[in-house]
J.: 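This is the structure I want to talk about, given as structure tokens.
Each chain gets a letter, A, B and so on, in the order the sequences are listed, and its residues count up from 1.
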Amino acid sequence: MDDNMKESNASTAFAVKVDDLTVAYNYKPVLWDIDLEIPEGVLMAIVGPNGAGKSTLIKAILGILKPIAGSVSIYGKPYKKQRSLVAYVPQKGSVDWDFPTIALDVVMMGTYGSLGWIKRPGAKEKKAALEALEKVGMLPFKNRQISQLSGGQQQRIFLARALVQDASIYFMDEPFQGVDATTEIAIINILKELRKEGKTVVVVHHDLQTVPEYFDWVTFLNVKKIATGPVKDIFNDDNLTKTYGINYKVSVQK
Amino acid sequence: MNLQEYFSLVFSDYTLRTITLGTAILGAVTGMLGSFAVLRKQSLLGDAISHAALPGIALAFLITGAKDSNTLLLGALVSGLIGTFWIRGIISKTHLKSDTALGLILSLFFGFGMLLLTFIQKQPNANQAGLDKYLFGQAATLVESDVWLMAIVTGICVVVMLLFWKEFKLLLFDADYTKTLGFNTKFIDILITTFIVLAIVLGLQTVGVVLMSAMLLAPAAAARQWTNSLSKMVLLAAIFGAFSGVFGTAISASQNNLSTGPVIVIVASVFVVFSFIFSPSRGLLFRQIRFINNRRDLELQKTLSFMYRIAETHDDISHPHAIKILNNFQGFTKKTLQKLVNKNYVTIDGTMWSLTEEGFETAANLYNQNFKADV
């Protein structure tokens, strides 16, 4: 009894705690025995080469993929009970943007989770969606058919949909992929705003150069977890070389 | 009977009324559900399901010996569902892609069904004739109870769709995200698929195994051209489907010996062709017109900016120049020049042109405006 209490107290300090997570698509493991603790209120990047399992890690944490082994807890309780605290921004390319709907409708989808089955969104949900659109600077496009939006605008719509969920933890799968500089800055400003509000943000990220500028926490991943911690302590040559298998310093400072 | 006679008889003649009502309801429900199939990129699923239903019909006849359509359709439903779940099993448990799985199940079940049909035909049972009507359908065999069954299933389907509208839409657009919001995606998925199977099975008697998938796809594909809203698309598809049913029945009834199922499918295809050409936003015709207009505008702008660059070098912007020098630039024709005159950008005096104040202003801001229009 006592031990249990202690254990749950210890784990509540972390927003996300992953234990022994292993995922395999066929025979080859994509993620191998991942232990990961993400403290509350950090803006964390997950970096690693292609095929390192970055997206898979997020999807396994969110229950989209079924892991072979391992468990995930959010604020000390199983993920399934804490779903309402977690929001997800999938890769932009994961949906068909020719779907017959408008931007506002997509953002409204963020309210569906708290509505639950059958109940329809009403005025309150619409107001929340409009506010989120405003935050990402997409209010003028609210009635635009989604296929008529540019890549950067589509990414902002996805971000707005997650903001509507008003979650404590945000998982984002490559939000900077294929967006222009203006959108990238707009997005990172929103993420920093979220951190200021005490929310935890986890981002799959590809551009190593911007890691120290954008993030305060980083996880190196390549099938196994290489390292995790504050950017200023662990974002160094040693870990980069371990993750990417090349002497990264040489290629960065070229 | 000609078309006019048909429409005057449709309300009074029992058989005509039954068949027309049946095909209209069938068209509406398949059009509605077909929208979901098309948006999930499962267009071929309908084809596989309808073919997979054939052995069920044959087996139901062999087991019960009855030719009552409800019994046979129950058999079709069971074997259609089995086919569907095998397809899903193959996709999730093997490396095969969905088109391969669909093709495999389609031909396997259809082959088995044909084998059973020939076996039944060789039997000395006098009752055996007529099962092959399920291949291409025979709307004339519809009776009132069949239409009632269709209406009830359609009613249930509409109620369920309205109840779970939000969930259906979410799953259609972004299945992974639906999962993270805590919805049971498997349940929604099975709900949609079951209704698609039901609609297909209901249509087998009228349209038949072979052509049934067109009933599912054609109204939905046509409807997609006219709207960018899911609810309007589903509604339009239902309307297109219903009209295909009514017109198809009318044409086949007024032209003797034309089989109803194929005629309905052809009418539905006419809707598709018409929509693909004439839809204002997505249609081929208007796209071509827009393309030509854009090109003309661009040529006009190019000519104007060419003039601007010449005029720029002079103190007086309206200094006249020979039209001849415009020949260096290929986009120029007499017509485009006249257009510029009409817009008050240019004045022409004999063989000389000169830029007006307004034309100079417009040309100077041409690229800035483009930039503004872009944002």
J.: Is chain B contacted by the side chain of Y79(A), its backbone, both, or neither, given a heavy-atom distance below 4.5 Å?
T.: side chain
J.: How close do D174(B) and P90(A) get, heavy atom to heavy atom, and via which atoms?
T.: OD2-CG, 3.6 Å
J.: What's the spacing between S114(A) OG and L181(B) CG if we round to 0.5 Å?
T.: 8.5 Å
J.: Go through the atoms of F187(B) and report whether side chain, backbone, both or neither lie under 4.5 Å from a heavy atom of chain A.
T.: side chain
J.: Salt bridge or not for R40(B) and D96(A), using N-O below 4.0 Å?
T.: no
J.: Locate the shortest heavy-atom distance separating D98(A) from R224(B); write the atom from each residue and the value.
T.: O-NH2, 2.6 Å
J.: Donor-acceptor pair, K179(B) side chain versus G63(A) backbone, under 3.5 Å?
T.: no
J.: Please work out whether the ring planes of W117(A) and F164(B) are parallel, tilted or perpendicular, with thresholds of 30° and 60°.
T.: perpendicular
J.: Can you confirm whether F99(A) sits close enough to N228(B) that some side-chain heavy atom of one is under 4.5 Å from a side-chain heavy atom of the other?
T.: no
J.: Report the C-alpha distance between I64(A) and T180(B) in whole Å, list the side-chain angles of each, state the deciding distance to 0.1 Å, and finish with yes or no for side chain to side chain contact (heavy atoms under 4.5 Å, CB included).
T.: CA-CA 7 Å; I64(A) 296 167; T180(B) 68; 3.6 Å; yes
J.: Considering only heavy atoms and a distance below 4.5 Å, find which of D105(A), I102(A), V89(A), L65(A) pairs most often with chain B.
T.: D105(A)
J.: More than 12 non-hydrogen atoms from neighbouring residues, nucleotides or ligands closer than 6.0 Å to CH2 on W86(B), yes or no?
T.: no
J.: Below 4.5 Å, heavy-atom pairs only: which of M233(B), K232(B), R282(B) has the largest tally toward chain A?
T.: R282(B)
J.: Please confirm whether the backbone N or O of G116(A) pairs with a side-chain atom of K166(B), one donor and one acceptor, at under 3.5 Å?
T.: yes
J.: Count the heavy atoms of every other residue, nucleotide or ligand shown that sit under 6.0 Å from CH2 of W32(A), and state whether that count exceeds 12.
T.: no
J.: Picking from R83(A), Q145(A), R161(A), Q165(A), which has the most non-hydrogen pairs under 4.5 angstrom with chain B?
T.: R161(A)
J.: Any idea which heavy atoms bring Y88(A) and Y177(B) closest together, and the distance?
T.: O-CE1, 3.4 Å
J.: Mark yes when over 12 heavy atoms from residues, nucleotides or ligands other than E37(A) sit less than 6.0 Å from its CD; otherwise mark no.
T.: yes
J.: Which region of K169(B), side chain (C-beta onward) or backbone (N, CA, C, O), has a non-hydrogen atom less than 4.5 Å from a non-hydrogen atom of chain A, or is it both or neither?
T.: both
J.: So if I apply the side-chain contact (heavy atoms from CB on, under 4.5 Å) rule between P100(A) and each of L230(B), L172(B), T227(B), which one comes out positive?
T.: L230(B)
J.: Taking side chain as C-beta onward, heavy atoms only, is D176(B) less than 4.5 Å from K59(A)?
T.: yes
